[in-house]
Amino acid sequence: MHPQPLANLRILLGVSGGIAAYKACELVRRLRDAGAQVRVVLTANAARFVSALTFQALSANAVRSGLWDESAEAAMGHIELARWAQHIVIAPASADVIARLAHGIADDLLTTLCLASSAPLAIAPAMNLRMWEHAATQANIATLRARAAVVLGPADGPMAEPESGPGRLLEPVQIVAALAALQGPGPLAGLRVLVSAGPTCEDIDPVRFIGNRSSGRMGFAIAQAAVAQGASAHLVAGPVHLPTPAGVTREDVRSAEQMRAAVLRQIPHCDIFISAAAVGDYRPLALAPHKLKKSGKALALRLTENPDIVAEVAALKNKPFVVGFAAETRDVERHARAKLERKRLDLVAANRVGDGAGFDATDNELTLIWHGGKQALPRADKIDLAHALLERVVALRLPKTKVRRR
Ligand code: PMT
C-alpha cells in the first residue's frame with residue numbers, strides 16, 4: 001500500500017504566458033504521479049509557448065483556453081469546471097495574471113474560473129526579476145495573500161535573460177511538495193484500510209456460476225476515499241470491470257472462499273476492515289468437472305453455506321475496526337441491526353437494494369448504524385457516501401479526533 005499525497009485531489013492547473021510554461025508540462029506529470037486528477041486551462045499567451053495538445057496528452061483531459069469555446073462548454077461548462085476544482089494552481093503565474101486576479105478582473109477563462117470558484121488558490125509566480133520586485137507586483141501579491149491565496153516561490157537564480165535574481169518558477173517537485181503539505185495529513189493518516197468489493201462467483205461447472213449484480217463501485221469508492229483521507233488502502237475485489245483507484249493496491253479473487261483467504265491474509269496488516277462485497281451466501285456442494293447437460297427434467301443443485309468472512313474477522317482476538325454492509329429489500333433497519341449484533345460489527349451500513357437501487361448504480365442511500373447511534377445518508381454519489389462513511393469511522397474509532405473533510 002503506497003499512499004499518494006494528492007490522491008484523487010481535483011486540481012485545476014492554470015498556465016499563463018512566459019518561458020517557464022514548458023515546466024508546467026512536467027508539473028502535470030508530477031501532479032498525476034502524486035495521485036491528483038488534473039485539468040489544464042491555458043491563457044492565450046501560454047498557448048504561444050506550449051500547445052494545448054501537449055497538456056491534453058499529459059493530463060489525459062481536454063484542455064480549455066477560451067471562454068467562448070462552444071464545444072468545450074457543451075462538455076464541461078466553465079461554471080462546472082469551477083465547481084469541479086478542489087484546488088486551483090496557477091503555474092507559472094505571470095505579472096499580468098497576478099495583477100488581474102488581484103483586481104478581480106475576469107476577462108478570460110482562467111481569471112473567470114478563479115472568481116467563480118471557492119477552491120483554494122495557489123500561485124507560483126515566474127517573471128523577470130525587476131517585474132517581480134516592482135511595487136505594483138508586490139502590492140498585487142500582498143492583496144492575493146490577504147485573500148488567503150498561497151504564493152509558492154519564486155525561486156532565486158539565473159533567468160532566461162542574462163540576469164540572476166528572484167523570479168524563477170519553483171521546480172515542479174517543489175510545487176507538488178508544497179501542495180501536499182497544504183493538504184495536511186488527512187483524518188486517516190497512518191491507517192491501513194482493507195476493503196472487500198464486488199460480487200463472488202460460485203462455480204457450478206466450467207462455464208456456469210452463481211453470482212449477483214454487485215459492480216464493485218461502492219467498495220472501490222471507499223478505497224478511493226480512504227486514500228484521499230490519508231490512509232493506505234487495499235482492495236480485495238471479486239470479478240468486476242473497474243480500474244483500480246490511484247494509490248490503492250488490489251487483489252482479484254473469484255469465489256467467497258478465495259475472498260476469505262485473501263482478506264484473512266491482509267487482516268494482520270490493517271486497522272479498519274470494510275466489507276462492502278456482496279459475498280455469495282451459498283456455493284454448489286460439488287463443482288461439476290464438465291458442462292452439465294440438459295436432461296429434460298428439473299435440475300436440483302445442492303448448495304452449501306459459505307464462510308461468513310466479516311463475522312470471522314470480527315471474532316478475531318486482535319480484530320481491526322469492522323464495518324459491514326447489510327443489503328436488504330425490506331425491513332432494512334431491523335435486519336441491519338440484527339447483523340450488527342450477530343456478526344459483532346462495530347458499524348453497519350444498511351443499504352436498501354432492489355428497484356435499481358444500490359447494486360450496479362453510481363449512487364446509493366445508506367443508514368449507518370452503530371451501538372448507540374445512527375446516521376441517515378441520503379441518496380448521493382457513492383464517492384460522497386464513501387467519504388461520509390469514513391468520517392463516521394474516524395469519529396467512532398478515534399472519538400477525540402476532529403473530523404475534517406477535504
Ligand atoms: O457493488 P455495487 O454495485 O456498488 O453495490 C454495492 C452493494 C449493494 C453490493 C454494497 O453497498 C452492499 O450492500 N454490500 C453488501 C452486500 C451483501 O452481501 O450484504 P449481506 O447483507 O448479504 O451481507 C452482510 C455483510 O456480511 C456484508 O458486509 C457482506 O460483505 C458480509 N458477508 C456476507 C456473506 C458472507 N458469506 N460473508 C460476508 O462477509
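Start at 1 and go down the list; that is how both ligands and their atoms are numbered. Keep in mind it's a predicted model, so treat the numbers as computed, not measured. Quick note: numbers below take in every heavy atom, side chains included, and nothing from hydrogens, waters or symmetry partners.
Protein heavy atom at the shortest distance from atom 27 (C) of ligand 1 is Phe325 O, 3.0 Å. Distance from atom 6 (C) of ligand 1 to its nearest protein heavy atom, with residue and atom name: Met218 CB, 3.6 Å. Looking only at protein heavy atoms, the nearest one to atom 19 (O) of ligand 1 is Ala327 N, 3.5 Å. Of the protein's non-hydrogen atoms, Lys343 NZ, 2.9 Å is the one closest to atom 26 (O) of ligand 1. Atom 5 (O) of ligand 1 has Gly358 O, 3.4 Å as its closest protein atom, hydrogens excluded (heavy atom only).
One finds the OG1 atom of Thr249 at 5.0 Å from the NE2 atom of His234 (value rounded to the nearest 0.5 Å). Separating the OG atom in Ser117 from the CD1 atom in Ile88 is a distance of 4.0 Å, to the nearest 0.5 Å.
Of the N or O atoms in Asn306, none lie within a sub-3.5 Å distance of an N or O in ligand 1. Considering backbone and side-chain N/O of Lys339, one or more are found under 3.5 Å from N/O of ligand 1. At least one N or O atom of Ser275, backbone or side chain, sits closer than 3.5 Å to an N or O atom of ligand 1. Residue Val353 places no N or O, backbone or side chain, under 3.5 Å from any N or O of ligand 1. Between Pro307 and ligand 1, at least one pair of N/O atoms sits closer than 3.5 Å. No N or O atom of Ala278 sits closer than 3.5 Å to an N or O atom of ligand 1.
Inspection of the Thr137 and Asn140 side chains reveals no N or O donor paired with an N or O acceptor under 3.5 Å.
Applying the salt bridge (Lys or Arg N to Asp or Glu O under 4.0 Å) test to pairs two or more places apart or on separate chains, those with a residue in residues 210-231 are Arg217-Asp360.
Of all the heavy atoms of Asn351, the ones lying under 4.0 Å from any atom of ligand 1 belong exclusively to the side chain. The part of Asp281 lying near ligand 1 is the side chain, judged by heavy-atom distances below 4.0 Å. By the criterion of a heavy-atom distance under 4.0 Å, the backbone of Ala276, and not its side chain, is placed next to ligand 1.
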_Let's go through Leu152 and Gln174 carefully: what are the C-alpha distance in whole Å and the side-chain angles of both, what is the deciding distance for side chain to side chain contact (heavy atoms under 4.5 Å, CB included) to 0.1 Å, and is it a yes or a no?_
CA-CA 9 Å; Leu152 308 174; Gln174 293 173 299; over 6 Å; no
*Would Val310 and Val313 count as a side chain to side chain contact (heavy atoms under 4.5 Å, CB included) if you check the C-alpha gap in whole Å, the side-chain angles of each, and the deciding distance to 0.1 Å?*
CA-CA 5 Å; Val310 78; Val313 170; 5.5 Å; no
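Remark: distances from the non-hydrogen atoms of Ala326 to ligand 1 include one below 4.0 Å. Note on ligand 1: His335 sits outside its first shell, no heavy atom being nearer than 4.0 Å. The closest approach between a heavy atom of Asn364 and any atom of ligand 1 is below 4.0 Å.
Judged by distance alone, with hydrogens and angles left aside, the side-chain atoms of Asn364 form no donor-acceptor pair with the main-chain N or O of Leu385 at under 3.5 Å. Here the side chain of Asp271 pairs no donor or acceptor atom with the backbone of Leu191 at under 3.5 angstrom.
The neighbour count for Arg10 CZ, taken as heavy atoms of other residues, nucleotides or ligands under 6.0 Å away, is above 12. Residue Arg342 qualifies as enclosed at atom CZ: its count of foreign heavy atoms under 6.0 Å is above 12.
Across Val348, Asn212, Val263, Val310, heavy-atom proximity to atom 39 (O) of ligand 1 is greatest for Val310. Of the listed residues (Ala277, Ser214, Gly324), the one carrying the non-hydrogen atom nearest atom 29 (C) of ligand 1 is Ala277.
For ligand 1, the atoms closer than 4.0 angstrom to any heavy atom of Asp360 are 2 (P), 3 (O). Taking every heavy atom of Arg217 and a limit of under 4.0 angstrom, the matching atoms of ligand 1 come to 1 (O), 2 (P), 4 (O). Listed by number with element, the atoms of ligand 1 under 4.0 Å from a non-hydrogen atom of Lys382 are 2 (P), 3 (O), 4 (O), 5 (O). With ligand atoms numbered from 1 in the order given, ligand 1 contributes 37 (N), 38 (C), 39 (O) to contacts under 4.0 Å with heavy atoms of Ile309. Of all the atoms in ligand 1, the ones that sit under 4.0 Å from a non-hydrogen atom of Phe359 are 3 (O), 5 (O), 8 (C), 9 (C).
The side chain to side chain contact (heavy atoms under 4.5 Å, CB included) test applied to Ala155 returns Arg168, Leu170, not counting sequence neighbours.
Under the side chain to side chain contact (heavy atoms under 4.5 Å, CB included) test applied with Cys25, the options Leu58, Val40, Val15 reduce to a single match, Leu58.
Salt-bridge check for Asp203 with Arg254: passed, with a basic side-chain N closer than 4.0 Å to an acidic carboxylate O. A salt bridge links Arg337 with Glu333: the distance from a Lys NZ or Arg NE/NH1/NH2 to an Asp or Glu carboxylate oxygen falls below 4.0 Å.
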